[in-house]
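Following: one structure in structure tokens, then a few remarks.
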Amino acid sequence: MAAGAGAVWLEIAPSGTKCVSEEIQSNVVVIGDYSVLYDHHHAHPTIAVKVTSPFGDVVHKKEKVSMEQFAFTTAEAGNYLACFSIDGEDRGLVVKLNLDWKIGIATRDWDSVAKKEKIEGVELELLKLEVAVQSIHDNLLLLKSKEANMRDASEKTNSRVTWLSMLSLSVCIAVSVLQLWHLQQYFRKKKLI
């Protein structure tokens, strides 16, 4: 998904870790805001956060936070993983977490764009639509290339299966011919033919 935003609420068990993953293309801006939701009866619980790239590189890591933000531009395409766990002293509590994950054009601050470009109203909406259309176009080109790769892989597999079937059929025919020849020799020895 080249452009999107999603907010989720997570419940983190006292001894567990919750992870959220998103498949993101390369060269895409990602912003994530997270905050711990707490009751007024308890102290502020804190969490540990780790965001990793598809190859395991740590993009963001924080400990003992209750509210924070991560932002990065993706270097490689793949599944980016954000994992949240409860810090040491709050391990007995079930913690609720709000995560607002924004990708691509959803990360843009349109108010600052409007001020910088000195546009408003319909012009701003047209600019938003233009960026959205470009994002959709890029996404369609990506899907087209993925479909072409899958089609190539499918055709190669089909070709290999065809050759394997032909080889298997050839072996079966050769074994049948050898069996017939052997039986013919056997019956001739026994003088049944």
Side-chain angles (χ1 to χ4, degrees), residues 1-12 16-37 46-87 95-158:
M1 189 162 92
V8 292
W9 285 19
L10 303 171
E11 264 193 21
I12 305 172
T17 298
K18 285 278 180 150
C19 294
V20 178
S21 73
E22 182 79 36
E23 185 173 343
I24 309 172
Q25 297 308 309
S26 60
N27 259 350
V28 176
V29 177
V30 177
I31 295 176
D33 294 304
Y34 53 92
S35 58
V36 174
L37 306 172
T46 59
I47 57 169
V49 182
K50 185 177 177 184
V51 181
T52 56
S53 73
F55 297 123
D57 300 329
V58 176
V59 182
H60 173 79
K61 185 175 182 177
K62 290 277 181 167
E63 293 180 354
K64 298 191 185 298
V65 293
S66 60
M67 177 186 266
E68 189 70 41
Q69 180 183 62
F70 58 84
F72 58 92
T73 301
T74 58
E76 63 262 350
N79 272 334
Y80 283 78
L81 187 68
C83 291
F84 304 90
S85 60
I86 301 172
D87 274 347
V95 174
K96 293 181 181 175
L97 177 84
N98 180 32
L99 171 64
D100 188 13
W101 183 293
K102 297 176 186 173
I103 302 166
I105 63 170
T107 61
R108 268 213 172 137
D109 181 11
W110 290 106
D111 293 333
S112 66
V113 170
K115 286 177 186 175
K116 182 180 173 187
E117 301 287 328
K118 295 181 180 151
I119 57 176
E120 57 185 46
V122 176
E123 271 187 297
L124 180 61
E125 291 302 317
L126 284 173
L127 182 62
K128 286 180 186 179
L129 288 173
E130 182 182 355
V131 171
V133 166
Q134 183 62 42
S135 174
I136 291 169
H137 181 261
D138 293 343
N139 211 3
L140 286 175
L141 290 176
L142 174 72
L143 289 174
K144 186 178 177 182
S145 79
K146 281 185 175 181
E147 187 271 335
N149 290 340
M150 288 184 71
R151 186 179 57 241
D152 289 345
S154 178
E155 287 173 358
K156 283 181 183 176
T157 303
N158 188 26

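All values below were derived from every heavy atom in this structure, side-chain atoms included, with hydrogens, water molecules and symmetry-related copies excluded. For the single chain, residues carry numbers from 1 onward in sequence order.
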Worksheet item: Of all heavy-atom pairs between Cys83 and Thr17, which one has the smallest distance, and what is that distance?
Response: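 For Cys83 versus Thr17, the nearest heavy atoms are CB-CG2, 4.0 Å.
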Worksheet item: Where is the tightest heavy-atom contact between Ser85 and Ile12, given as atom of each residue plus distance?
Response: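 In this case the closest contact between Ser85 and Ile12 is CA-CG2, 4.3 Å.
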Euclidean distance, [Y] [atom2] relative to [X] [atom1], rounded to 0.5 Å:
X: Leu10; Y: Leu97; atom1: CG; atom2: CG; value: 5.5 Å
X: Asp57; Y: Phe72; atom1: CG; atom2: CZ; value: 11.5 Å
X: Thr73; Y: Ile24; atom1: OG1; atom2: CD1; value: 10.5 Å
X: Met67; Y: Leu37; atom1: CE; atom2: CG; value: 9.0 Å

Does [X] use its side chain to pair, donor to acceptor, with the backbone of [Y] at less than 3.5 Å?
X: Asp87; Y: Lys64; value: yes
X: Thr74; Y: Asn27; value: yes
X: Thr157; Y: Ala153; value: yes
X: Asn98; Y: Trp9; value: no

Which residues pass the salt bridge (Lys or Arg N to Asp or Glu O under 4.0 Å) test with [X], not counting sequence neighbours?
X: Lys156; value: none
X: Glu155; value: none
X: Glu125; value: Lys128

Report yes if some heavy atom in the side chain of [X] is under 4.5 Å from a heavy atom in the side chain of [Y]; otherwise report no.
X: Val8; Y: Trp101; answer: no
X: Asn79; Y: Pro54; answer: no
X: Val65; Y: Thr46; answer: no
X: Glu22; Y: Ile103; answer: yes
X: Phe84; Y: Cys19; answer: no

Item to complete: List in chain and number order the residues that pass side-chain hydrogen bond (donor to acceptor under 3.5 Å, both in side chains) with Ser53, two or more places apart in sequence or in another chain; answer none if no residue qualifies.
Response: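 Applying side-chain hydrogen bond (donor to acceptor under 3.5 Å, both in side chains) to Ser53 gives Glu76.
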Fill in: For Glu63, all residues meeting side-chain hydrogen bond (donor to acceptor under 3.5 Å, both in side chains), sequence neighbours excluded
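Applying side-chain hydrogen bond (donor to acceptor under 3.5 Å, both in side chains) to Glu63 gives none.
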Worksheet item: Within a reach of under 6.0 Å around CD of Glu130, are more than 12 heavy atoms found that belong to other residues, nucleotides or ligands?
Response: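 Check fails, neighbour count at 12 or below.
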Discussion item. According to side chain to side chain contact (heavy atoms under 4.5 Å, CB included), who are the partners of Glu123, at least two apart in sequence or on a separate chain?
Written reply: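 Once residues adjacent in sequence are excluded, the partners of Glu123 under the side chain to side chain contact (heavy atoms under 4.5 Å, CB included) criterion are Ile119.
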Item to complete: List the steps, then state whether side-chain contact (heavy atoms from CB on, under 4.5 Å) holds for Leu142 with Gln25.
Response: CA-CA 9 Å; Leu142 174 72; Gln25 297 308 309; 3.1 Å; yes
Discussion item. In terms of relative ring orientation, are Tyr34 and His60 parallel, tilted or perpendicular, with 30° and 60° separating the classes?
Written reply: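 Perpendicular: the ring planes of Tyr34 and His60 meet at over 60°.
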